[in-house]
Amino acid sequence: MGFLAAASLFIFGKQPTQVQAAKKSSSSLIIYFSKTGNTARAARQIQKETGGKLLRITPKKAYPNDYDATTRVAQNQIRRNIHPAIKTKLPSIKKYRHIYIGYPTWWGQPPMIIHTLFDRYNFKGKTITPFTTSAESPMSSSMPVMRRLAKKDKAKLTKGYRYTSNSGLHNFLVSIGAVKRSKKAKSSKAPSQNQTPATNVTNPTPTDSKSLVVYFSMSGQRAAEEIQRLTNSNIFRIQAADPYPTTYDSYAQRGDNERRNNIHPAIRGTILNWDQYSTIYVGFPTWWQQPPMIIHTLFDQYNFSGKTIVPFTTSMSTPMSASMPYIRQMAAPYNATVLNGYRYTGDNAGLRTWLQGLNLIK
């Protein structure tokens, strides 16, 4: 799941400096719903590229700040087909021909407030381009809903885009004919499918710490680095000996194949001085409601006997409880102690409270 920021934003005045390179007047409108700001960032980048106008929609009744509470409310809306009222004042869209509609993907589909948007507007004759932000779900998962909504209004629907990078967004906009390819984009080489992600972090010089943060990530390391900082641990980033592709659909396909065929991919490099650690923080994204198979490799390769395992995950919709049975199963042969895990959502205060609750920090 994604999250929603508090205020709505409707920009029709003078554009920010970074947007002035785009057309001064545009026939495109960028409508978006955002809970944490991720979709808002994608929308602003589309504005920068196209010169379109921005319209941020917010629900009349705000979602709770607590993630789990938000999850319950959003799930209830989906199950009961509730279209939450929109607080934002909605202007006429008569002059716009191209409508971009952005949202986080929740349980493989757009949030129900997007249905409300189609209730309030008739998009007949418009061209609609969906875009989404999601840590797990591809754009294709929410397209059936968008096709159904667009078909009802007799609107044209282009292919959609799951926002992962500004360069990828630019290439997508070029592919649908919304913008021309920039000179910079023309001269840049496409990344190799075998390159490791640019977010790769260099492991700091080891200390004599008794705790280690070992983690696998395809999109960043904020959770791992925050745990390292709070616990004064050493840190090691798990990387596959055969690097995963850098595009979502490609690495998702590989990850699914590994899961279905119980493949434990080899890990590049070695964790030095393994025996010195008594507490191991094990971090991973949640793929198909479980840890990626490379986490199994970690337990194959290293002896966890006598160690305390502290799992943590990053997921927009899947709770930590989904992965815990797998971690306990992997730890069982070593009789290792497994503490209650944590799903990191960007809330560093919540992360600290979790560590304090486990008596791992003061």
Side-chain angles (χ1 to χ4, degrees), residues 67-68 199-240 264-287 289-315 318-362:
Y67 181 91
D68 290 332
T199 52
N200 192 21
V201 66
T202 301
N203 298 321
T205 303
T207 67
D208 59 359
S209 174
K210 298 299 181 184
S211 59
L212 173 70
V213 179
V214 56
Y215 71 101
F216 170 72
S217 177
M218 289 299 298
S219 59
Q221 56 277 338
R222 284 189 302 167
E225 289 179 340
E226 185 65 12
I227 292 174
Q228 180 203 20
R229 185 184 71 81
L230 291 171
T231 62
N232 294 314
S233 299
N234 288 334
I235 191 168
F236 180 86
R237 181 170 188 167
I238 299 170
Q239 298 179 77
H264 298 189
I267 292 174
R268 187 175 80 185
T270 302
I271 300 174
L272 301 177
N273 305 316
W274 175 259
D275 291 341
Q276 86 178 40
Y277 303 112
S278 57
T279 301
I280 311 292
Y281 297 89
V282 179
F284 48 88
T286 303
W287 290 359
Q289 290 74 53
Q290 60 185 273
M293 297 306 291
I294 201 167
I295 300 300
H296 291 258
T297 312
L298 177 71
F299 282 82
D300 295 341
Q301 194 167 328
Y302 293 93
N303 188 336
F304 284 82
S305 296
K307 300 191 185 297
T308 296
I309 300 169
V310 189
F312 64 97
T313 190
T314 52
S315 172
T318 307
M320 184 73 232
S321 58
S323 293
M324 289 302 292
Y326 296 92
I327 297 295
R328 292 192 181 100
Q329 184 180 28
M330 286 183 261
Y334 303 105
N335 291 315
T337 300
V338 180
L339 301 185
N340 290 330
Y342 182 74
R343 181 172 58 84
Y344 180 77
T345 60
D347 179 6
N348 288 344
L351 181 66
R352 173 184 281 275
T353 299
W354 166 64
L355 292 170
Q356 290 172 333
L358 296 177
N359 295 317
L360 295 169
I361 62 172
K362 294 182 179 179

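Counting from 1, the numbers follow the sequence of the chain as shown. All values below come from the heavy atoms of this structure, side chains included, with hydrogens, waters and symmetry mates left out. Everything quoted here is computed from the prediction, not taken from an experiment.
Taking Arg222 as the reference, Tyr344 meet the side-chain contact (heavy atoms from CB on, under 4.5 Å) condition, with sequence neighbours excluded. Taking the side-chain contact (heavy atoms from CB on, under 4.5 Å) definition, one finds that Ala322 meets it with Gln289, Thr318, sequence neighbours left out. The side-chain hydrogen bond (donor to acceptor under 3.5 Å, both in side chains) search around Ser233 returns Ser211, Thr231, not counting sequence neighbours. Evaluation of the side-chain hydrogen bond (donor to acceptor under 3.5 Å, both in side chains) rule for Asn340 yields no partner, not counting sequence neighbours. Scored by the side-chain contact (heavy atoms from CB on, under 4.5 Å) test, Gln290 finds Arg259, Met293, Tyr326 as partners (sequence neighbours excluded). Residues that satisfy the side-chain hydrogen bond (donor to acceptor under 3.5 Å, both in side chains) test with Arg328, not counting sequence neighbours, are absent from this structure. The side-chain contact (heavy atoms from CB on, under 4.5 Å) search around Asn303 returns Ser305, Tyr334, not counting sequence neighbours.
Side chains of Val213 and Phe236 form no contact here, defined as non-hydrogen atoms less than 4.5 Å apart. In this structure, Pro311 and Ser323 have side chains that are not in contact, with every pair of non-hydrogen atoms separated by 4.5 Å or more. Between Thr279 and Val310 there is a side-chain heavy-atom pair separated by less than 4.5 Å. Contact check for Pro291 versus Met330: side-chain heavy atoms found under the 4.5 Å cut-off. A heavy-atom distance below 4.5 Å is not found between the side chains of Ser278 and Lys307. Considering only heavy atoms from C-beta on, Ile238 comes within 4.5 Å of Ile295 through its side chain. Looking only at side-chain heavy atoms (C-beta outward), Thr308 and Ile280 stay at 4.5 Å or farther from each other. Taking 4.5 Å as the limit, every side-chain heavy atom of Thr337 sits out of range of all side-chain heavy atoms of Ile309.
The main-chain N or O of Gly350 is found under 3.5 Å from a side-chain atom of Asp347 such that the two form a donor-acceptor pair. Of the possible donor and acceptor atoms, none in the side chain of Ser315 sits under 3.5 Å from a partner among the backbone N and O of Thr286.
To the nearest 0.5 Å, the span separating CD1 on Ile294 from CH2 on Trp287 amounts to 8.0 Å. For the atom pair CD (Gln239) and CZ (Arg268), the distance works out to 4.0 Å, reported to the nearest 0.5 Å. Atom CG of residue Leu212 and atom CD of residue Gln276 lie 8.5 Å apart, to the nearest 0.5 angstrom. Atoms OH and CD1, on Tyr215 and Ile227 in that order, are 11.0 Å from each other to the nearest 0.5 Å. The OH atom of Tyr277 sits 9.5 Å away from atom NZ of Lys210, with the distance rounded to the nearest 0.5 Å. Distance CD1/Ile361 to CG/Leu230: 5.0 Å, rounded to 0.5 Å.
The heavy-atom pair separating Arg237 from Met218 by the smallest distance is NH2-N, 4.3 Å. Across every non-hydrogen atom of Asn348 and Glu226, the tightest pair is OD1-CG, 3.7 Å.
Ring planes of Tyr302 and Trp274: tilted class, angle from 30 to 60°.
Ring-centre distance between Tyr281 and Phe312: not below the 6.0 Å cut-off.
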Next item on the list: Take Gln228 and Asn234, measure what side-chain contact (heavy atoms from CB on, under 4.5 Å) needs, and give me the verdict at the end.
Entry: CA-CA 7 Å; Gln228 180 203 20; Asn234 288 334; 5.9 Å; no
Notebook entry, point to check: Could you go step by step and tell me if Arg343 and Thr314 meet the side-chain contact (heavy atoms from CB on, under 4.5 Å) rule?
Noted result: CA-CA 6 Å; Arg343 181 172 58 84; Thr314 52; over 6 Å; no
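Here side-chain hydrogen bond (donor to acceptor under 3.5 Å, both in side chains) pairs that include residues 349-362, with residues two or more places apart or in two chains, number zero.
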